[in-house]
Structures are given as structure tokens and as C-alpha cells.
2 protein chains.
Amino acid sequence: MPAEAKVSAKVNKPAKVEAGAAAPASPPLTERQEARRRRILHASAQLASRGGFDAVQMREVAESSQVALGTLYRYFPSKIHLLVATMQDQLEHMHGTLRKKPPQGETAAERVAETLMRAFRALQREPHLADAMVRALTFADRSVSPEVDQVSRQTTAIILDAMGQENPTPEQLSAVRVIEHTWHSALITWLSGRASIAQVKIDIETVCRLIDLTAPATP
Amino acid sequence: MPAEAKVSAKVNKPAKVEAGAAAPASPPLTERQEARRRRILHASAQLASRGGFDAVQMREVAESSQVALGTLYRYFPSKIHLLVATMQDQLEHMHGTLRKKPPQGETAAERVAETLMRAFRALQREPHLADAMVRALTFADRSVSPEVDQVSRQTTAIILDAMGQENPTPEQLSAVRVIEHTWHSALITWLSGRASIAQVKIDIETVCRLIDLTAPATP
DNA sequence: CGCTAATCTAGAACAAGTTTCAGACTTGAT
DNA sequence: ATCAAGTCTGAAACTTGTTCTAGATTAGCG
């Protein structure tokens, strides 16, 4: 029936969507579609690296990625969706990179802080890109919840990795949640020039103490 | 010389602004100007209470407050500025209200958590307004830093009040910063439907433990 | 190969934030 | 009372995100 399979839950504005079922199986993309998607994300990251959030203009993204504006919107139903997807993409990279050299710290708190600081330094190398992604993430409304949630899960995974905890207790999970809150908010204050890099470091180290506070006896 | 005094640092786009000096003395507003400003903030809060961030449309705010669009922009150079100012306004109310019934908790951590939960319940009564204010706050870029900073200071004051600490240690100030981070970020996740009220409560209580962790012996 | 449904494209159109401008109005000083 | 400088108004214009449309393309199927 269809030519190229449906890109994704293209059921955005149109009435209700069989509201019960989620989107368990994302329809497989054609090779050309996969390529388009990749071009779009690449253009997005590129533009973001230049001028941050404002520099990612949908018309420019479309042009840079050689795709019609309508097509761009079919793949990513809004600028926020696009930037959050860009963040997912970058986060995967990051997680891969971080995995290679696990942190050296003695305690879980040290390792988590070290990992986050490493991520922070990576962001510092592309502050505009960081700006675009983080702003999009916190500005996202309910319509982007699934995607934002995915980013959150990925972040959680990175932190748990750093902790080296197989079976975190509920208390530890709470601590991780709080760490993520602090991480995002601290990034915001840094990006908007209201906190220095040193200040962010302190905040991260401070919040990471919560981990030891909730840690069971080290096995 | 001027008719009604300059509203404020009207030095937004135009070249540099004697970049050294801050804005120590905001020029005193005429009575009529003060009234206009108040009408605008009222209209902003009213519209926000209805439909949240998106419902605060500059043209509507201008109309509701009986002010020309250009004038609105003279008072508040962007929608974000307007909403952050609206938040400042609401925060003052809140601080006043909170002062009246100080929290009952035994420990500083309990008192802070109690205070924040009280604030949270207030926000729950006007979730749309909360949405508009918090989204504006986290979306604000460098051009709004002074105003956002002011909000941050006010929040800090509320928390320190709840702690009942006259001379907080640097460590405690760090803890307060982290609490604020968590507070903002937790609100965001709640507003975008990714966390329940219960979850926010847990996060707040979790992060508040940091206070006891850094508390000196109780005098 | 030829069909058919879905996708892609180019471009116009719309919406809301922001800017601009000419003219009417206020205010404080002379 | 008059004047100059700064404000306010009303309306149009501009920008960028988003939607819509008609027609050209593409993918899977018989």
C-alpha cells in the first residue's frame, strides 16, 4: 500500500489516535528515509553549533538537509521535537564515549560527579549546541513527553552506569532523579550566564553526596 | 526634560550601554506609569491562569491592559521578560504568605521541605499560571539574566527563611542552590506531565536531606 | 509492467512575537 | 503659558514557526 512506510506516529493534530495504544513498533524506515532523517539531524546539530537555539530555523534546516519544509515537519512535528531528537542522538554518542573510559573515583558519588563533569566538558566544547538542546528540552510541553522521557532514561542509564550499581534501591533512584534535576538546571544557569563553570562543578559535587547518603554497604 | 521618567534600562538592542555600570537606581515611575505596569502584570497573570504560556499573547495582554502594543514592549522588552516579571510579582505575594505561618518541622530539612510543598500546593491551584511562569523562567536567555537572578534571590530568601539560618555556611548555600535546581526542574517535569505530584514530593524531600548533611550543630 | 496509496516538493498562507513610524499627548523647566 | 524632550497610541510591517495544497515521485503489489 504505502510507498515509503509511515515515518512515525504522524497522528499529531488529527483528532484522537486510538488513544489507548502507545507506539510500540516504529515502522521501519526506508533507506532513503533513514538518510533523510540523518541529514536533518546533522543539519540541526550543525546550525545549533553555530548560533544555538535561535539559529536552528526550520527553513534553514530544511534547505541544509535538502528536504522540503513539509517533509521536515513530517519527520519532526516541531522545532522542539527536532532539537530533542538531536539531543537523543548526541546523548547516544556521549554514552558510548563515556562507556569506554569508566570513571576512576573510589565512591559512587565520586564516579558520578566525575562522569557528569566529563559530560559537562564535552558540552563546553559546543556551548551553542548545548544551548539549543537544553533549552528545547526544558521548554518542551506535553506533546513531546515521550521523547523527553527517552532522553531522561538515557541520562539515568549513564548515571547508573557510573554508579556501578546493578540493583539500585528506590532511595538511590530518588537520588539519581535529584541529580538529574540538578544537572539540567545547573546547565541552564550556566548557559544563560548566571553561573560559572566552577559553580556548576560545585553544584554537581554537592548533589552527588546524596548518593553516598543513600548507599547500602558496599559489597 | 523627560515627560514621564524613563521606564527602565531601555537600552536593549541599541549598541552598547556603558557596559560597566549596572542599573543601580531604577528611575522612579510616574503614578500613571506604575498603574500601567500593574495593569499589564495583572492582565498577564490573568491570561496565563487561563491557558498557560501560549495564552499569554502580547496583543491580548496589550488590549486587556489598555495599552498600545508598543508601550507594552517598552515596559517589558519581550514576552519572556513579561512572564518573569509576573513571576517576581507572584513570588513576593508567596513570600509574604509563607512568612505568616512559619513551617513546623523539627529539622531545617523538614521545614524547607514543608515550605516548598506549601508553595507547590499553591502552584497546583493555578497550574496554567505556574506553567507560564516556570517555562518562561527556564527558557530565558542572557538578555533576561538580571530578572531571572532576582527571582533566584527571592527563592533563596524563602528557603533560608524556612531554614531559620542567620549565617548559612558556604556548604549550606551550595545545598540551597541544589535545592533550587531540583525545585525548578521538578516543577518542569510535573508541568509537562512526566512526573506526578507524589513524585515531586519525594524529590523535594530527598534533596532536602542535603541540608541536614551540611548543617552545623544546632545552636 | 502498470496501479495505487503514501510520500515528497515547492510555494503560498497563516499565526504570534517583535519592530517601526508618524502623530497625539504629558511632563517638567523656563 | 510655552516649549522641548520623552511617552503613548494605532497601525502596518517584518520574522520565523507551523499549516495547507496541488502536483510530481516512489515503493510495493498483482
Side-chain angles (χ1 to χ4, degrees), chain A residues 1-14 27-37 39-40 44 47 51-83 132 135-136 139-141 143-144, chain B residues 1-14 27-37 39-40 44 47 51-83 132 135-136 139-141 143-144:
Chain A
M1 302 102 179
E4 314 195 22
K6 225 180 310 183
V7 156
S8 71
K10 275 280 75 257
V11 277
N12 304 42
K13 314 305 150 52
L29 297 202
T30 298
E31 214 166 295
R32 307 184 57 190
Q33 289 182 315
E34 191 56 50
R36 266 186 215 113
R37 195 186 132 85
R39 283 206 306 279
I40 293 173
S44 168
L47 288 171
F53 188 89
D54 293 332
V56 181
Q57 303 193 353
M58 299 305 266
R59 286 176 237 272
E60 294 226 359
V61 173
E63 189 173 357
S64 286
S65 48
Q66 309 228 262
V67 136
L69 190 55
T71 305
L72 171 53
Y73 272 96
R74 173 183 282 277
Y75 280 73
F76 302 97
S78 78
K79 175 170 173 171
I80 300 292
H81 280 84
L82 170 57
L83 285 173
R135 297 263 291 287
F139 192 63
D141 66 1
S143 72
V144 203
Chain B
M1 301 99 178
E4 314 194 23
K6 227 179 309 181
V7 156
S8 72
K10 274 283 74 257
V11 278
N12 306 43
K13 315 303 152 51
L29 295 203
T30 298
E31 215 167 294
R32 307 183 59 191
Q33 290 182 317
E34 190 56 51
R36 267 186 214 112
R37 195 186 131 86
R39 283 205 306 280
I40 293 173
S44 168
L47 287 171
F53 189 89
D54 293 330
V56 181
Q57 303 194 352
M58 299 306 267
R59 288 170 175 86
E60 294 225 0
V61 172
E63 189 174 358
S64 286
S65 48
Q66 309 228 264
V67 138
L69 191 53
T71 305
L72 171 53
Y73 272 96
R74 173 183 281 277
Y75 281 72
F76 302 97
S78 78
K79 174 170 174 173
I80 301 291
H81 280 83
L82 170 57
L83 285 172
R135 296 263 291 286
F139 192 62
D141 66 1
S143 72
V144 204

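Per chain, numbering begins at 1; letters A, B, ... match sequence-line order.
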Working to the nearest 0.5 angstrom, can you tell me the gap between B:R74 CZ and B:L69 CG? 13.0 Å
With nearest nucleotide decided by heavy atoms, which residue, B:Q66 or A:K79, maps closer to the 5′ end of DNA chain D? B:Q66
Nearest-Å distance, CZ (A:R74) to P (D:dT21)? 14 Å
Minimum-distance nucleotide (side-chain atoms of A:L69 versus D:dA12, D:dT18, D:dT9): D:dT18
A:Q57 has an atom CD; how far is it from atom P of C:dG17, in whole Å? 17 Å
Spacing of A:L47 atom CG relative to D:dT16 atom P, expressed in whole Å: 13 Å
Write down the atom of A:L47, the atom of A:S64, and the distance for their closest heavy-atom approach. CD1-OG, 4.5 Å
B:M58 side-chain proximity, nearest of C:dT18, D:dT18, C:dC8: C:dT18
Nearest-angstrom distance from the residue atom CZ of B:F76 to P of D:dT7: 16 Å
Reckon B:Y75 has a side-chain N or O less than 4.0 Å from the OP1 or OP2 of D:dC8? yes
On DNA chain D, does the nearest nucleotide to A:G70 precede the nearest nucleotide to A:R59 from the 5' side, or the other way round? Give the residue. A:R59
Nearest to the side chain of A:Y73 - C:dA16, C:dT18, D:dG17? D:dG17
Between C:dG17 atom C1' and B:L83 atom CG, what is the distance in whole Å? 12 Å
Round to the nearest Å and state the distance from A:E63 atom CD to D:dT16 atom C1'. 15 Å
From C:dT18, C:dT9, D:dG10, pick the nucleotide closest to the side chain of B:A68? D:dG10
Does a side-chain N or O from A:Q33 land closer than 4.0 Å to OP1 or OP2 of C:dC8, or not? yes
Over all strands shown, is B:V56 touching base, sugar-phosphate only, or nothing at heavy-atom distances under 4.0 angstrom? sugar-phosphate
Using the ring of B:Y75 (Phe, Tyr or Trp, six-membered ring only), decide whether B:R37 places NZ or CZ under 6.0 Å from its centre and within 45 degrees of its axis. no
Would B:K79 and B:F53 count as a cation-pi pair here, with the cationic atom under 6.0 angstrom from the ring centre and within 45° of the axis? yes
Respond yes when some side-chain nitrogen or oxygen of A:R32 is under 4.0 Å from OP1 or OP2 of D:dA27, and no when none is. yes
Whole-Å gap separating P (C:dC8) and CD (A:E34): 13 Å
For the residue pair A:S65 and A:L72, establish whether any side-chain heavy-atom pair is separated by less than 4.5 Å. no
Check the distance between C:dT7's C1' and A:L72's CG and give it to me in whole angstrom. 15 Å
